[in-house]
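See structure below.
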Number of protein chains: 2
Amino acid sequence: MRVTIYDVARDAGVSLATVSRVINHSPHVKESTRRRVQETIERLGFQPNLVASALTTKRTRLMALLIPSITNPACAQVAWGVEETAAEMDYNCIICNVGADPKRQAHYVNILIRKGIDGIIFSTPSYDDGLVLDLSRRSYPLTLMARDVPAAQVNRALTDDKAGGALAAQHLLELGHTSFLLVTSKEEVLQERARGFVETIRAQNLDVIPVEAKGSDITAGLDAGVRLLSLANRPTAVFATTDLLAIGIIAAVHCMGLDIPRDLSVVGYGGLIEPEAMQLPLTTIVQPMRDMGKAAAQLLFDTLQEGREPRQVVVEPKLYIGGTTGNPSR
Amino acid sequence: MRVTIYDVARDAGVSLATVSRVINHSPHVKESTRRRVQETIERLGFQPNLVASALTTKRTRLMALLIPSITNPACAQVAWGVEETAAEMDYNCIICNVGADPKRQAHYVNILIRKGIDGIIFSTPSYDDGLVLDLSRRSYPLTLMARDVPAAQVNRALTDDKAGGALAAQHLLELGHTSFLLVTSKEEVLQERARGFVETIRAQNLDVIPVEAKGSDITAGLDAGVRLLSLANRPTAVFATTDLLAIGIIAAVHCMGLDIPRDLSVVGYGGLIEPEAMQLPLTTIVQPMRDMGKAAAQLLFDTLQEGREPRQVVVEPKLYIGGTTGNPSR
DNA sequence: GTATAATGTGTAAGCGCTTACAATATGTGT
DNA sequence: ACACATATTGTAAGCGCTTACACATTATAC
């Protein structure tokens, strides 16, 4: 039988309430009493049962992270950040691989609430807006990442995709490029990256040739690369709105015997591919996913702790200069 | 105010106990009563508070996974498997990135116990044997992965590294190789892989040249590759006990203008490197980490559910044939 | 119809902790 | 020494659920 607060109280000759106060660092305890109780706690090896305390305080010190899949490196980075700051706050982090199915999400959320989980971080691209809105209305603590549900009263950890696109443009401009290709697909986030890129280039009175990819993976990149090569006036720089697109483009270009970065500079977006994993490390806009996770957890913790109204944090992307960009050769 | 079992009881005109029985699918309820209560539960939208029930049943339906870091792809695979089967059992999975510090592990374990977590899966290479032994003695449900604490009464999900090494040998033998190099470092698990390899080769009255690497990463592989090239009688096949070693060897060999697999066949071990991530997909022994995770969670669940005494499961490695092995050219 | 065994339901005592409120002790100023 | 404010501690009522036990209702057997 585990030792309870009751055992401590009896052994130390005080009431339950006093022991509870000592555990919770209440200021209303005489110093000498505190010491005596503390000594008993240690001697008996008493460990407060947090399930019992959760029943009265309604705080389990547990938060959950909903992601499509932990095996996705971006998700893993987020999870790392979340778990890390959660641990700093004495919180633990429950991981839920919800895939892309809204029903699974709803099912998880339901169980999490029943288990008394204090708050949830949504880091799923395709969550059900209704679910989030409903939770928000019942003022259940939430943090949304990277995607928005406008009407909801929730915390948000946002990326600045437009700034990322601008960063890419700036880098290429500084290298002296004057002709640009933009490869992107139609997804909203990617469009935002594209927008930042185009606006920055246009601000210099230069122009961008847009190429729409049929997706955002390597094969779509390969395809775009082939199209690039067939252009009459080949640009000297390409901005692809995902790293995989960039890698596809590079592969296609390599096949045709062109040299990177001599003949073509390529900038990707994401930063999750280990530079060591590539022959030529990719120059890319790094989305600091771990920082996003940390921010998300911190926001959640703040509303949990102080009932503070929801806030939002923007995590800025960074430029990583690899070996795929250089001065234009012409 | 959330609706409680009490509200349901009053509304349905039965006692708390009966509602509880209905929730828990107790057989001692008349069918008509069950229906009436069920209807009330649905009408009122009652959701049982699992914190309260955990207080009496001592079951939170929460399990924890201790890993060095979720950003390590092997850990992510394990976590995926664990979370997946946990979810099937209505369990949730708490992730703890404990790094390599035994103190952090102990700290996590302490908090997990206080929070009433039902069981823990240790998937950390360097855990503290004393900690595991202590928990095992207090018969706290545990599953150990890939590493052992001999005296402990715990579940184990084990890899068969020797069989993996044998698999590699068999593959190369079938291709017709007769001269072999073995590259490994001194870690126990890797030695086991090596043992399986060597024994299988020796069983054919053939011999293996051993090369000790200074570690198990790419640079150690590069180094081993250079040594390989300087051998008078160069073998036609190499078995490296980790994928990173294999990749280093391949890089070194490529540098010297040799062709793989024409001049040299290479087999790695691990299988966590996406084949698409390499120019030439690596032939390797795949350690099915996700299956390991699933097995670990299932074992834990079984002891949780039925108080069954600890068991162990061996997850067999598989051969993945990439492009780095072929028939010997001589 | 009565004794006996199921079967179904209710009562009440927890699970281990928190916390409002009451009670007591201690200190202050006069 | 007395009235009153303040610091400390205790009492007891929960938090929302489970479950042993008692009790009431059948059903079964004779």
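The chains referred to below are lettered A, B, ... by the order of the sequence lines, with proteins before strands, and numbering in each begins at 1. Model, not experiment: these values are computed from the prediction.
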Taken to the nearest whole Å, CD/A:Glu31 to C1'/D:dT9 is 16 Å
Sub-3.5 Å donor-acceptor pair from the side chain of A:Asp129 to the main-chain atoms of A:Val149, do we have one?
no
Just the rounded figure in Å: distance from C1' of D:dT8 to CZ of A:Arg35.
15 Å
Approximate separation, where rounding is to 0.5 Å, of B:Leu66 CG and B:Cys96 SG:
5.0 Å
Which nucleotide in the list D:dT8, D:dT18, C:dT9 gets nearest to the side chain of B:His28?
C:dT9
Spacing of B:Ile113 atom CD1 relative to C:dG16 atom P, expressed in whole Å
16 Å
When the distance from CD1 of B:Ile23 to P of C:dT9 is rounded to whole Å, what number comes out?
15 Å
How far does the helix from C:dG1-D:dC30 to C:dT30-D:dA1 bend, going by the axes of its first and last five pairs, to the nearest 10°?
30°
Run the salt-bridge test on B:Asp118 and B:Arg61 with the 4.0 Å N-O cut-off and return the result as yes or no.
no
If you assign B:Leu55 and B:Val14 each to the DNA chain C nucleotide with the nearest heavy atom, which residue ends up on the more 5' nucleotide?
B:Val14
In terms of side-chain heavy atoms, does A:Asp101 have a donor or acceptor partner in A:Gln105 at a distance below 3.5 Å?
no
Mind checking the CD1-CG spacing from B:Ile113 to A:Asn49? Nearest 0.5 Å is all I need.
11.5 Å
If the cut-off is 4.0 Å, is A:Lys58 near the phosphate of C:dT18, judged by side-chain N/O to OP1 or OP2?
no
C:dC15 OP1/OP2 closer than 4.0 Å to side-chain N/O of A:Thr4:
no
Could you check whether B:Asp11 pairs with B:Arg43 (Lys NZ or Arg NE/NH1/NH2 to Asp/Glu carboxylate O, under 4.0 Å)?
yes
According to a strict under-4.0 Å criterion, is A:Ser53 in side-chain N/O contact with OP1 or OP2 of C:dC17?
no
Tell me the interatomic distance from A:Arg59, atom CZ, to C:dG16, atom P, rounded to whole angstroms.
23 Å
In terms of side-chain geometry, is the basic nitrogen of B:Glu31 or B:Arg34 positioned less than 4.0 Å from the acidic oxygen of its partner?
yes
Summarise how protein sits on nucleotides 19-26 of chain D as a single string, 5' to 3': B when a protein heavy atom is under 4.0 Å from the base, S for sugar-phosphate-only contact, - for no contact.
BB------
Separation of D:dT9 atom C1' from A:Arg36 atom CZ, nearest Å, is 11 Å
Find the distance A:Asn49:CG to C:dG16:P and express it as a whole number of Å.
7 Å
So, for B:Cys93 and B:Val82, which heavy atoms are closest and what is the spacing to 0.1 Å?
SG-CG1, 3.8 Å
Taking OH from A:Tyr6 and P from D:dA12, how many angstroms apart are they, rounded to a whole number?
13 Å
Is a donor on one side and an acceptor on the other found under 3.5 Å between the side chain of B:Thr57 and the backbone of B:Ser53?
yes
